[in-house]
Each structure stands twice: as structure tokens, then as C-alpha cells.
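For ligands, and for the atoms within them, numbers begin at 1 and follow the listed sequence.
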Amino acid sequence: MPKILTLPGLIDVHTHLREPGATQKEDFESGTKAAIAGGYTAILDMPNNPIPTISEEALKQKIKLATGRIYSDLGFHFGATPANYPVFEKIKDKVFGLKVYMNYTTGDLLMEDMNALEEVFSKWPKGKVIMVHAEGETLKKAVNLAKKYHQRLHVCHISLKKEIEAVKQAKKEGLDISCEVSCHHLFLNSDDVKRLGPFGCMRPPLSSKEDQQALWDNLDYIDMIASDHAPHTRQEKETPGKIVNGVPGLETSLPILLTAVAEGKLTIDRLIQLTNKNPRRIFKIPEQADTEIEVDLNEQYTINHKQLFTKCKWTPFEGMEVQGKVKKVVLRGKTVFDQGRVIGPYGQVIFPEMV
Ligand code: DOR
Ligand code: ZN
Ligand code: ZN
């Protein structure tokens, strides 16, 4: 018996759509189709492309390329470099956050130099989010910088016990801080890497069972679940001697989370907070009128790459039995997903709400 539930459209603050510069992995069309099929009606794109979003021109180009071609709503983050703070004021109203890469990962945006980091943290407009990729000990550096310059900090993809402990401590001290966790860190661990090989490699890497359990134990301190959808082609993933980090996530996150609801690990209300209410409030994402999704809480199926809209056509969750399926998505009154088909493009480029 189907059990249909209507939910608000999900919001993902952490997606890598790869256009321009790496459209063999994903582009605005394929990535926003994947978003819609996964129940996301608004997503925010990361800056670490081969053509990175680190200048006003690059941002304008992204907006232009996306306009008229996107199926979900789409906004952008800006990438920090040691030299681009002079444009912060010009771009600040067009982007949702500033991403600072404090550890090595995909792309060329690594920033480790303390003087450069001080410059970035001191110059970014106050009250707007600074998002950090800061693993383990590096997170302490980010928290100290945010404290020193009274910045609003968002910690991406926490995966370790010591990271959630650090966030918890900073929250207790009253710091303006939020954090996200990704489904791969909640539902997979380092034991799965043996089975998945390169398809289980991402930054931060899958952590130990103890670290994974610490994320579940501290779910109350986690503000949102982000997909960290980071597609790479199978061929890129399988190139011997080369580790390419990142896994897709837009189409698997909701069914996996609904399965956790069916298993009693999460309530529907908490799921809505983590995937809609908190991301919308923290990143000032504009309301989407007449927008909702329908899921069947009873439908069971096996995750299969053949059904995915992402260009990369693989998933680390292949073969997983899930309960909870996206049946329909409505965006501003228009049906944009029905019976497995994505309809559109009806997405819009979005900008942060001014308050
Ligand atoms: O695994 C990852 N992939 N982690 C990141 O931080 C970046 C991402 C990507 O862009 O491929
Ligand atoms: Zn990252
Ligand atoms: Zn990422």
C-alpha cells in the first residue's frame, strides 16, 4: 500500500555541478535534473571547477550559462583565493557563501598560508557565511579565525568525532557556527572502502565506525545534511595510480534518509529541519512558492545507477535496499518530476534574500 507524504522541496547547500570546465562529469542540465529527481528544488554550487568561481567575470559566466537551462533553482558560492578579496563587496549580494579550502581536495583553491587566511576572514562582509573545508585539526584554525574576526562559520562535511566535538564546543561558547554532514559519512565507513575501491574515495575520507557513530550520537548538534554531490566519470575514478576524490549524492540522499526514518533513526520533522528549514534560514535562501515534493514512504527499491540522471551514472550506494521513493516534485506550481520523468527546465538562478 502506498503511503504518500508531502514534504517541502529539499535544499542542498553543497553541490559540485562542474560547469564550466569539467562538463564530462556533470553540467547544469544533468546536475539540476539529478537534483529534481532526488527531491531537491534548490541547490547551491561550489566554486572549485577547473574554471573556478573566483572572479566577478567567472560568476557572471556561471549565471549566464545556467539561465534557461536549469531544472531546479540554483545559486552559487564564491571561492576564496589569497588575492581576490577586493571583489568581495561587488559579488557579496549574488552569492550565498564564501568557500575556503583549508585542506587539499579537488581543484586548485587550497589556502594554507595563515596571512592569506587572515586577510580572507577579516575582509569577507560580516554576517555572510564563510564555509570551510577544514578537516580534523585544521577545523580549530578555522574556528579561531571566525572567533577573531566575528565571522559566521559553516563547517562542511564533518566526518570525525573530534570535528563534531569542536563544533559542539564552539556552539557552547556562543560562536555563530553551523555544520553539515553528508549521507556518505552517515551511512558508510572505512570498511566500505575495501568494497568500493576508488568509488569510495572522497575528501574527507570515509571514517571509522566509531567516528560514524559519533555523528549519529551528536545529530542534535548537526544543522543540516548536504549531498556534497561531487561527480567524476567512471574512467577518471578508475585511472590507475590516480586518486580522484568525490562521489555523487543528489539522487540517493533522500531515499537513504527516508529509510533511516522507516528504521526509527530519524523523525520526519527532524529530516525537514535538516534538509529544508535550517539550510534555508542559515543561507538565506528565498522561499519557493507552491513548491513541494511527494514521497511514498512504503515503496521499497534497490539503488541502481541505471536510473540516475547524473552524468557520471554510478553511486557508492549501488545495490542498497531503500524504503522511500520520490514520486512527484512541484516547483512554483509546475510539475517538474512525475513517473520517473524530469520535466522542464523551470529552474531559476537564485540570489540570497536581503534582510
Ligand atoms: O571528495 C571531494 N570532492 N571533496 C571535496 O572537497 C571536493 C569534491 C570535488 O569537487 O570533487
Ligand atoms: Zn570539501
Ligand atoms: Zn564538496
**OP:** Over 60° means perpendicular and under 30° means parallel, so classify the ring planes of His157 and His14, tilted if in between.
**Re:** tilted
Subject >> For atom 9 (C) of ligand 1, the protein heavy atom that lies nearest, with its residue and separation >> reply: Thr106 OG1, 3.2 Å
Subject >> Sub-2.8 Å protein N, O or S atoms surrounding the Zn ion (ligand 3) >> reply: His14 NE2, His16 NE2, Asp228 OD1
**OP:** Could you tell me which atoms of ligand 1, counted from 1 in the order shown, lie closer than 4.0 angstrom to a heavy atom of Arg18?
**Re:** 9 (C), 10 (O), 11 (O)
**OP:** Would you check whether Asp228 has a nitrogen or oxygen atom less than 3.5 angstrom from a nitrogen or oxygen atom of ligand 1?
**Re:** no
Subject >> For the student: nearest non-hydrogen atoms of Ala66 and Val349, plus distance >> reply: CB-CG2, 4.0 Å
Subject >> Connected hydrophobic set around Ile350, excluding itself, where side chains approach under 4.5 Å >> reply: Ile11, Val13, Leu44, Met46, Ile54, Phe96, Tyr101, Leu109, Val129, Met131, Met224, Ile282, Phe283, Ile285
Subject >> Nearest non-hydrogen protein atom, atom 3 (N) of ligand 1 >> reply: Asn245 O, 3.1 Å
Original post:
Looking only at heavy atoms, is any part of Met202 under 4.0 Å from ligand 1, and if so is it the side chain, the backbone, or both, or is it neither?
Top reply: both
**OP:** For atom 5 (C) of ligand 1, grab the closest protein heavy atom and report residue, atom and distance to one decimal in Å.
**Re:** Thr105 OG1, 2.8 Å
Original post:
With no hydrogens and no angle check, is any side-chain donor or acceptor of Glu251 less than 3.5 Å from a backbone partner on Thr310?
Top reply: yes
**OP:** Give the numbers and elements of all ligand 1 atoms closer than 4.0 Å to a heavy atom of His133.
**Re:** 6 (O)
Original post:
Judged by non-hydrogen atoms, does His184 sit under 4.0 Å from ligand 1?
Top reply: no
**OP:** Flag the pair Glu89 and Lys123 as a salt bridge only when some basic side-chain nitrogen lies within less than 4.0 angstrom of an acidic carboxylate oxygen.
**Re:** no
Original post:
Just going by heavy-atom distances, which of His232, His14, Arg203 is nearest to atom 1 (O) of ligand 1?
Top reply: Arg203
Subject >> Contacting atoms of ligand 1, where contact means under 4.0 angstrom from a heavy atom of Asn48 >> reply: 7 (C), 9 (C), 10 (O)
Original post:
Using heavy atoms and a threshold below 4.0 Å, how should the contact between Met46 and ligand 1 be classified: side chain, backbone, both, or neither?
Top reply: neither
Original post:
Do ligand 1 and Tyr101 have nitrogen or oxygen atoms that lie under 3.5 Å from each other?
Top reply: no
Subject >> Polar contact flag for Ala230 and ligand 1 (N/O pairs, less than 3.5 Å) >> reply: no
